[in-house]
Amino acid sequence: MDEKKEVKIDTVSINDGAANDAPANQPDQTPATTDTDEQIEKLTAQLSEITDKYLRTAAELENTRRRAALDIESATRNRAMAIAKKFLPVMDAIESAKKHNPDDAGIKSMAMAMDNAFAQIGITKIDSIGQILNPQFHNAIQVVPAPSDANPKPAPNTIIEEMQPGYMFGDTVLRTAMVVVSK
């Protein structure tokens, strides 16, 4: 009973199915790898080009939005200035009425209401009397000798009288002040 049985064991590998099916003299894989590398480079170049176009389009869109906002703001400001200019003669009439009848409560009330409305929308009166002539804000309509009774005597080009007040809308001159200047 000492028989020895011989057991034969075959070698098994993980790649058994794939390795055993492939012929031993298969050609090298480099041409397929080269084609794949070329495709990857092509796709990478296309992706880069598309990304560049996207970023340029996004920047152009943002610039267009910014320009449109500035255009709207400018148009709104110009429209407000045009409307404000229409109210300057009304304010001039109220100021003239106030000079002729300084004690009238109705005229004082209208002047105060107009001053408040102007202040709320950003219209301010240009200071003139006692200032040095500035052509940006003042229009000299008359030059007179300095008054001899003034103490101290005003310097040359000093505004001594305002014929019509000037107004500003924010930092823009709506109307220059018409003034009388000393020599």
Side-chain angles (χ1 to χ4, degrees), residues 44-183:
T44 303
Q46 284 179 337
L47 178 63
S48 177
E49 184 181 328
I50 290 170
T51 301
D52 184 54
K53 284 181 181 178
Y54 166 75
L55 291 174
R56 288 179 189 274
T57 303
E60 188 175 326
L61 178 63
E62 184 59 32
N63 288 339
T64 302
R65 284 182 183 156
R66 202 173 295 133
R67 274 192 304 266
L70 288 174
D71 289 347
I72 289 170
E73 182 180 325
S74 176
T76 303
R77 182 175 172 82
N78 289 340
R79 182 70 179 146
M81 286 178 55
I83 292 170
K85 283 181 181 180
K86 302 287 184 190
F87 283 99
L88 295 181
V90 175
M91 188 62 169
D92 291 339
I94 292 171
E95 289 294 324
S96 179
K98 200 163 92 173
K99 283 181 184 176
H100 290 299
N101 196 355
D103 297 330
D104 189 322
I107 295 172
K108 285 182 183 180
S109 176
M110 281 192 304
M112 193 180 322
M114 280 296 280
D115 284 338
N116 289 337
F118 276 14
Q120 287 177 0
I121 58 175
I123 298 175
T124 56
K125 190 173 178 181
I126 296 173
D127 289 332
S128 296
I129 297 178
Q131 304 290 320
I132 299 294
L133 179 69
N134 182 345
Q136 185 177 5
F137 304 115
H138 308 112
N139 181 14
I141 58 172
Q142 188 176 8
V143 179
V144 296
S148 57
D149 61 344
N151 190 17
K153 189 173 182 180
N157 291 328
T158 300
I159 299 169
I160 57 174
E161 187 178 351
E162 183 179 68
M163 303 304 280
Q164 183 182 41
Y167 292 94
M168 304 272 300
F169 183 72
D171 59 350
T172 305
V173 176
L174 278 178
R175 179 177 74 190
T176 57
M178 286 196 263
V179 295
V180 176
V181 179
S182 68
K183 283 187 186 179

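By convention here, the first residue in the shown sequence is residue 1.
Shown here are the salt bridge (Lys or Arg N to Asp or Glu O under 4.0 Å) partners of Lys53, two or more places apart in sequence or in another chain: Glu49. Under the side-chain hydrogen bond (donor to acceptor under 3.5 Å, both in side chains) criterion, Asp52 pairs with Arg56, sequence neighbours left out. Residues passing the side-chain hydrogen bond (donor to acceptor under 3.5 Å, both in side chains) test with Thr64, sequence neighbours excluded: Arg67. For Tyr167, the ring-ring contact (aromatic ring centres under 6.0 Å, His included) partners two or more places apart in sequence, or in a different chain, are Phe118.
Within the structure, every pair that satisfies the side-chain hydrogen bond (donor to acceptor under 3.5 Å, both in side chains) test and touches residues 69-87, not counting sequence neighbours, is listed here: Arg77-Asp171, Arg77-Thr172. Residue pairs meeting the ring pair (Phe, Tyr, Trp, His ring centres under 6.0 Å) criterion with at least one partner in residues 76-100, sequence neighbours excluded, are absent.
None of His138, Glu161, Met163, Gln142 except one satisfies the side-chain contact (heavy atoms from CB on, under 4.5 Å) rule with Val179; the exception is His138.
Minimum interatomic distance between Leu174 and Met81 (heavy atoms only, all atoms of both residues): CD2-O, 3.8 Å. The shortest non-hydrogen separation linking Pro156 to Ile132 is O-CD1, 4.3 Å. Annotation for Lys98 and Ala111: closest pair CD-CB, 4.0 Å, computed over non-hydrogen atoms. The nearest pair of heavy atoms linking Gln136 to Val173 is O-CG2, 3.6 Å. Closest heavy-atom contact between Gly166 and Ala177: N-CB, 3.4 Å. Taking all atoms of both residues into account, the shortest heavy-atom contact from Pro165 to Lys125 is CB-CE, 3.4 Å.
To the nearest 0.5 Å, the span separating OG on Ser96 from CG on Asn101 amounts to 11.0 Å. The CG atom of Leu133 lies 5.5 Å from the CD1 atom of Ile159; values are rounded to the nearest 0.5 Å. Here the straight-line distance linking atom CG of Asp127 with atom CZ of Phe137 works out to 10.5 Å at 0.5 Å rounding. Note that CG of Asn157 and CD1 of Ile160 are 11.5 Å apart. Values are rounded to the nearest 0.5 Å. Expressed to the nearest 0.5 Å, how far NZ of Lys108 lies from CD1 of Ile94 amounts to 14.5 Å.
By the neighbour-count criterion of 12 heavy atoms within 6.0 Å, atom CD of Glu60 is sparsely surrounded, having that number or fewer from other residues, nucleotides or ligands.
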>> Does Arg175 form a side-chain contact (heavy atoms from CB on, under 4.5 Å) with Gln164? I'd like the steps, not just the answer.
In response: CA-CA 10 Å; Arg175 179 177 74 190; Gln164 183 182 41; 3.1 Å; yes
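Within the 4.5 Å cutoff, the side chain of Met114 has no heavy atoms near those of the Met110 side chain.
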